[in-house]
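Have a look at the structure below, then the notes.
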Protein chains: 2
Amino acid sequence: MDKATSRKLAAAGWTTGDAQEFLGLSDAEAAFVDMKLALAADLRARRLEKHLNQTQVARIIGSSQSRVAKMEAADASVSVDLLIRALLKLGAERRDVAQAVAASV
Amino acid sequence: MDKATSRKLAAAGWTTGDAQEFLGLSDAEAAFVDMKLALAADLRARRLEKHLNQTQVARIIGSSQSRVAKMEAADASVSVDLLIRALLKLGAERRDVAQAVAASV
DNA sequence: ACACACTACGTCGAATCTGACATAGTGGGG
DNA sequence: CCCCACTATGTCAGATTCGACGTAGTGTGT
């Protein structure tokens, strides 16, 4: 990070220590993973609530059973995009998604 | 117009031509793009609040100025994944992201 | 034990997304 | 007008994610 950038960040109330920066990124990554887990859990809960199996959900959202399984498992090959789109296609409202995003697993 | 009314009109041979339908967007898709717009707006707001330019944000989140511009514009080539990861790296908490997800643009 | 319904997991070609680069556009000072 | 800092847009090769398929695992009823 150059000095000008550092100065501006400091002016905005940031500290530019290397350790903190590292921890900040870690926090961001951890929060992202937790969000993904929460969304995946919500997807499964929503499916079970509707008494659907993964194959039926796959048809509704335009995918395959195997991918639905990976979604619910929060597999590395599944994006948050996909999870959110799936939830919305299952009838979730934006506020429902928001709640899942904020929720702990 | 509620869905029941819309269905009745459709049965009578009418199309209920709102912008959504014209563009061929389902409710789920519309909600998704709205979410994306809200996240993009939040990213820009957060950057401006910190008095950073797009190049500085790009360094923080590990990307390029052009991509940050596209993020803020909610460009089609930008995923919700990327927007959320960017917000978190800029110091947003999960509840902040949730609020953006639920918010209207 | 068998059949059946359901879920998990590895793999793959195709589609999509990403960072980067180049370049164009915009809006203030001087 | 000319710089200058900043933002927007087009493009592209490489990376990631997607749906799909095959198959293995798990539980349940007969």
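Below, read A as the first sequence line, B as the second, and so on, with proteins coming before strands; counting in each chain starts at 1. Predicted model only: the values in this text are computed from it and were never measured.
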Practice problem: Return the 5'-most residue of the pair B/D81, B/T55 with respect to DNA chain D, ranking by each residue's nearest nucleotide. | Solution: B/T55
No-H, no-angle donor-acceptor pair, [X] side chain to [N] base, under 3.5 Å:
{"X": "B/S66", "N": "C/dC21", "answer": "yes"}
{"X": "A/Q54", "N": "C/dA8", "answer": "no"}
{"X": "B/K70", "N": "D/dG10", "answer": "yes"}

Exercise. Identify the two heavy atoms, one from B/A58 and one from B/Q65, that lie closest to each other, and give their separation to 0.1 Å.
Key: CB-N, 3.6 Å
Choosing from [options], which nucleotide comes nearest the side chain of [X]?
{"X": "B/S79", "options": "C/dC17, D/dA8, C/dT7", "result": "C/dC17"}
{"X": "A/R67", "options": "D/dT7, C/dT7, D/dC18", "result": "D/dC18"}
{"X": "B/S64", "options": "D/dT7, C/dA20, C/dC6", "result": "C/dA20"}
{"X": "A/M71", "options": "D/dT7, C/dG19, D/dG19", "result": "D/dG19"}
{"X": "B/R85", "options": "D/dC6, D/dG19, C/dT18", "result": "C/dT18"}
{"X": "B/R44", "options": "D/dG19, C/dC6, D/dA8", "result": "D/dA8"}

Practice problem: Pick base, sugar-phosphate or nothing for A/V78, based on heavy-atom distances below 4.0 Å to the nucleic acid. | Solution: sugar-phosphate
Quiz item: Using a cut-off of 4.0 Å on non-hydrogen atoms, how would the nucleic acid contact of B/A86 be classed: base, sugar-phosphate, or nothing?
Solution: nothing
Quiz item: What is the distance from atom CZ of A/R59 to atom OG of A/S64, rounded to the nearest 0.5 Å?
Solution: 11.5 Å
Quiz prompt | Atom pair CD (B/Q99) and CG (B/L39), whose distance is rounded to the nearest 0.5 Å | solution = 11.5 Å
Quiz prompt | Verify same cluster id: B/L37, B/V101 (apolar side-chain graph, 4.5 Å) | solution = no
